[in-house]
Protein chains: 2
Amino acid sequence: MLEFAILGLLHQSPMHGYELRKQLAQVLGGLRSISYGSLYPALKRLYAAGYVTTDEPDPRAPLPADAPPLTGRRGKVVYTITAEGKERFHELVSQSGPEAYDDGGLFGVRLAFFRHTAADVRLRILEGRRRTVERQREGLRASLSRTRERLDRYTLELQRHGLDSVDREVRWLAELIDRELTDSEGRRDDGAAQGDPPAQAPPEP
Amino acid sequence: MLEFAILGLLHQSPMHGYELRKQLAQVLGGLRSISYGSLYPALKRLYAAGYVTTDEPDPRAPLPADAPPLTGRRGKVVYTITAEGKERFHELVSQSGPEAYDDGGLFGVRLAFFRHTAADVRLRILEGRRRTVERQREGLRASLSRTRERLDRYTLELQRHGLDSVDREVRWLAELIDRELTDSEGRRDDGAAQGDPPAQAPPEP
DNA sequence: GGATCGATGTATCGGGACGATACATTAAGG
DNA sequence: CCTTAATGTATCGTCCCGATACATCGATCC
């Protein structure tokens, strides 16, 4: 999940880890931030996979005998996406299966990078997410009406608020889907509609 | 976090792991369930800490030489809370600091066990949670008005939905707090109000 | 009668994410 | 000048999750 987000950001411009974290927090919706304990290992994985490169020669060499607790000078490291990384990102961005929307966190990241996503993929993801959340809602409704009597008021309140949230998400998704459909109709009728720059990522050769 | 929830459930009656998981899913609000990969290690930790006991003599013995992949017959294991476990639960249930409300997940669990929580602790937790979420809301509002122009519509939509959710949570919490205050007034006016069984856990000796 | 399917039930493994922590450099401001 | 805040890199232990394996039991189907 981080993999996708990092590649997406580096796709726009090279960055430090620190800057990456800030952008990430913004793009993820402002509330949920990412910790360094996730970020740096993720970058290491991406480096190992060949998807990103660094300025610094290579921090592989583990400095053999350095008894004092590793007080080696730490320079800034700029991460840059490689050609393989871009390829990987386009591969990920074109996926529209359940893995794209079953997990809410990943769905959020996908949404944040929708401007790099083809229109048909966007629609499939939004509709998949809606189905998923609708199923959750039905399950919740059933459970609530089944156990309404036996729960104390706090648990009940928790369930009601949860159901309300899920319900709101469904409506929100329906709105987004509507807008997608309206836009694509407009584009079909009009040749090129206003205010919607076409997506990158052509339909995969 | 699981520690609290498990102790809370076992406080009511002994249970199998399987049953525990089902009850947990119900109590946690219906959406978020707990996986066995969390549950059994958690039970193991609680066992090691002396907070729960099992029927089965002791699954410690690691069966020395048994080349076939561990096909030992697996019996049901009933977990029972110990005296130390009950003590630990009451200790946890009386905490009202930031750790009780800063994390939404833990707050949910705390709320689910509010019927075991003293009235003053309930109020402190609810108000703490409200402050936390209000701060989140303000941060989100600021970030949104700061970056409104530069964000694409999808990221914008994500932020708006997030802000809306947070806003709803604040209102929900305000309602819960109101109800707490009303009830305690009623109880003060009336001696013993209806429909609100008094909390266990006296104010910590 | 037997096959099979879904619920019940226990348990591990690898990996991902987090919070806490340590350490270093530069900017700002009192 | 000194101290605070922001910038910046990185690891550690811990928790939790999804996937997976194994096992038993009742019901339903053919």
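Atom set for the values below is all heavy atoms of this structure, side chains included, hydrogens, waters and symmetry mates excluded. Below, chain A is the first sequence line, B the second, and so on; all start at residue 1.
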| request: Quickly work out the B:Tyr40 OH to D:dC17 P distance and round it to whole Å. | output: 14 Å
| said: Just the rounded figure in Å: distance from C1' of C:dA11 to NE2 of B:His16. | reply: 15 Å
| said: Measure NZ/B:Lys44 against P/D:dT14 and give the value in whole Å, please. | reply: 15 Å
| request: Determine: side-chain N/O of B:Lys22 to OP1/OP2 of C:dA7, distance under 4.0 Å, yes or no. | output: no
| request: With axes from five pairs an end, tell me the bend angle of the helix from C:dG1-D:dC30 to C:dG30-D:dC1, nearest 10°. | output: 30°
| Option passing side chain to side chain contact (heavy atoms under 4.5 Å, CB included) with B:Phe107 (candidates B:Thr132, B:Val133, B:Asp102, B:Leu173) | B:Leu173
Using a cutoff of under 3.5 Å, can you pull out all pairs of nitrogen or oxygen atoms linking the protein to nucleotides 13-17 of chain C, with atom names and distances?
from, atom 1, to, atom 2, distance (Å)
C:dA17, OP2, A:Arg45, NH2, 3.4

| request: Starting from P on D:dC16, measure out to CG on B:Asp103 and report it in whole angstrom. | output: 10 Å
| query | Expressed in angstrom and rounded to an integer, what is the separation of B:Leu39 atom CG from C:dG9 atom C1'? | reply | 11 Å
| query | Rounded to the nearest 0.5 Å, how far does CG of B:Leu163 lie from CD of B:Glu138? | reply | 9.0 Å
| task | Examine D:dT24: is either OP1 or OP2 under 4.0 Å from a nitrogen or oxygen in the side chain of B:Lys76? Give yes or no. | result | no
| task | Decide yes or no for B:Leu39 and B:Ile6: does some side-chain heavy atom of the first lie under 4.5 Å from some side-chain heavy atom of the second? | result | yes
| query | Do the side-chain N and O atoms of A:Gln95 and A:Glu91 include a donor-acceptor pair separated by under 3.5 angstrom? | reply | no
| task | Please round to the nearest 0.5 Å and tell me the distance separating atom OG1 of B:Thr182 and atom CD1 of B:Ile177. | result | 11.5 Å
| query | Hey, does the Lys NZ or Arg CZ of B:Arg115 hover above the aromatic six-ring of A:Tyr154, less than 6.0 Å from the centre and inside 45° of the axis? | reply | no
| task | From the options B:Thr53, B:Leu7, B:Leu9, B:Leu46, select the one residue that forms a side chain to side chain contact (heavy atoms under 4.5 Å, CB included) with B:Ile81. | result | B:Leu7
| Got a second to check how far A:Arg110's CZ is from A:Leu92's CG, nearest 0.5 Å? | 7.5 Å
| message | Whole angstroms only, please: what is the CG-C1' distance between A:Leu20 and D:dT9? | response | 13 Å
| Aromatic ring pairing A:Phe89/A:Phe113, orientation class (parallel under 30°, perpendicular over 60°, tilted between) | perpendicular
| task | Rounded off to whole Å, could you give me the CE-to-P distance for the B:Met15 and C:dG9 pair? | result | 12 Å
| said: In whole Å, I'd like the distance from the CD1 atom of B:Ile6 to the C1' atom of D:dC16. | reply: 12 Å
